[in-house]
2 protein chains.
Amino acid sequence: MAAWHALIRGHGGMMRKLEAELQAAHGLSLAAYEVLAHVSEAPDRRLRMSDLTTCSQLSPSGLTRLVDKLVRDGLVERVRCAADARVVYAALTERGLEQLEAAYPTHLRGVRAHAIDRWDRDERDTVACALGKLADLPPH
Amino acid sequence: MAAWHALIRGHGGMMRKLEAELQAAHGLSLAAYEVLAHVSEAPDRRLRMSDLTTCSQLSPSGLTRLVDKLVRDGLVERVRCAADARVVYAALTERGLEQLEAAYPTHLRGVRAHAIDRWDRDERDTVACALGKLADLPPH
DNA sequence: GCCCATCATTTGCAACTGCAAGTGTCTGCG
DNA sequence: CGCAGACACTTGCAGTTGCAAATGATGGGC
C-alpha cells in the first residue's frame, strides 16, 4: 500500500512539474508534446487518429480536440486517407517539427531531473518492469 | 526512458481502471474517495481544507469544488473553526462514513488486482522507494 | 447491386480543473 | 487602537476531458 501511495504522489508531482516547465518554455501541454512526439516518430511523420488514440492517454474525443488545437496552432495538419475515407492522418507540419525539436531538450532535461536521475540503475530497471505490468491496454 | 514510458502508461491504465470500478460500484470518483479516506483518518473525522489540499492531488479551488459536491451528496459537512474563522473543516457525515466503508473493499481489491498483486516483494519495495523520491511537494 | 453491422472520427454536453482575482479573517507593528 | 500584509478559502472564467450519440464510410453476405 505504501508503494501505491508513493506511486500516486510521485507520479502526480512529477507530472505537474514537467507540464509546468514545458508550458512555460514552449507553450505546450504535456499531452500535446506527446502527440507531436508520436507523430514525428511515425513513417512520413503522420499517424492515424486511431493509432494516436492507442498510444496516447486520451479518449478518441479528447484526441480529436487536442488535434483541433494543434491544427489551429499550425503544428499539425489533417490529411484524409486516400484508400479509406474514414481515416484521418495527423501530419506534422514544418512548424510542428521545429516546435517539437525546440521542446525536446526541455522535456528530456525535465524527465531526467524529476525522475530518471533520482533512480539508480536497479531502480530504473525495476520501475520499468513493474510499471510495465500494469499496462494491459485500457478501455479509455 | 523505457522506465518513464512504462510509468506513464502503467499509471494511466491503472488509474482509469480503478476510477471506472469505483464509479460503477459506488458512484464515487477516485478523487472523492481519497478525500473521504483522508478525512476519515483524521482526528474527529474532520480535516481543514488546506490540509486536504496538501495531501490530495488537487489545487485549492479544485478541492473547494469537490467538497461542494460531497456536501451536496451529503457525505461531508463544512464546519467553521471556532478559533480561526478563516478555517473550514470538512467533516465526515454518518452517510459519508457508510459510503466510504462500502467503497473501501472495492478500492482495496482494485489496487491489489491492478497493481500490488502484479509485483513481487522486491518490486513493491523498489517502486515505493523509487517513486517516493519524486515527491518533493508540488506547487499545484 | 443492396443492406446491415462495423469502423474511424467528430460533436453535444456536462463534469472537472487550475489560475487569477475576490472575500473575509487574523496578526504584528507602529 | 488601527492598519498593512499574510492567510484560508471561494468564485469567475476559460480550457480540457470523457461519454454517448451522430456522421460518414467500408465490406461481407445475400
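Naming convention: chains lettered A, B, ... in sequence-line order (proteins, then strands); numbering from 1 in each chain.
Atom CG in B:L30 sits roughly 15 Å away from atom P in D:dG18 (whole-Å rounding). Between the CZ atom of A:R72 and the C1' atom of D:dT16 there is a distance of 11 Å, rounded to whole Å. For the pair B:R78 CZ and D:dC9 C1', the computed distance is 9 Å after rounding to whole Å. A straight line from CD of B:Q23 to P of D:dA20 spans 11 Å, rounded to a whole angstrom. Taking atom CG of residue B:L70 and atom P of nucleotide D:dC9, one finds them 16 Å apart after rounding to whole Å. Put simply, CG on A:L63 is 14 Å from P on C:dA8, counting in whole angstrom units. Separating the CD atom of B:E19 from the C1' atom of C:dA15 is a distance of 12 Å, rounded to the nearest angstrom. Distance A:M15 CE to D:dT17 C1': 15 Å, rounded to the nearest Å.
Within residues 32-49 of chain B, no residue is approached by DNA chain C to less than 4.0 Å at the level of any non-hydrogen atom.
You'll find the side chain of A:V127 reaches within 4.5 Å of the side chain of A:W119, heavy atoms only. Looking only at side-chain heavy atoms (C-beta outward), B:L7 and B:L131 come within less than 4.5 Å of each other.
A:R80 contributes no side-chain N or O that forms a donor-acceptor pair with the base of D:dG24 under 3.5 Å. For C:dC16, the base has no donor-acceptor partner in the side chain of B:R65 [N/O atoms by modelled type, under 3.5 angstrom]. If you check distances only, the side chain of B:R86 never reaches the base of D:dC9 with a donor-acceptor pair under 3.5 Å. Counting distance only, with no hydrogens placed and no angle test, the side-chain atoms of B:S61 and the base atoms of C:dC19 include a donor-acceptor pair under 3.5 Å.
Figure legend: A:R46 and A:Y89 shown as a cation-pi pair, the cationic atom lying under 6.0 angstrom from the six-membered ring centre and within 45 degrees of its axis.
Proximity of B:S50 to the phosphate of D:dC9: a side-chain N or O atom is located under 4.0 Å from OP1 or OP2.
A:R124 and A:D120 are not joined by a salt bridge, as no carboxylate oxygen comes within less than 4.0 angstrom of a charged side-chain nitrogen. For the pair B:D68 and B:R78, the salt-bridge criterion is met [side-chain N within less than 4.0 Å of a carboxylate O].
For the residue pair B:E21/B:H107, the side-chain donor-acceptor check at 3.5 Å is not satisfied.
Looking at which nucleotide of DNA chain D each of A:D84 and A:L66 is closest to, the 5′-most match is held by A:L66. Between A:V87 and A:D68, the residue anchored nearer the 5' end of DNA chain C, judged by the nucleotide with its closest heavy atom, is A:V87.
Comparing C:dT9, C:dC26, D:dC9 against the side chain of A:T64 picks out C:dT9 as the nearest.
Not counting sequence neighbours, A:H26 has no partner by the ring pair (Phe, Tyr, Trp, His ring centres under 6.0 Å) test.
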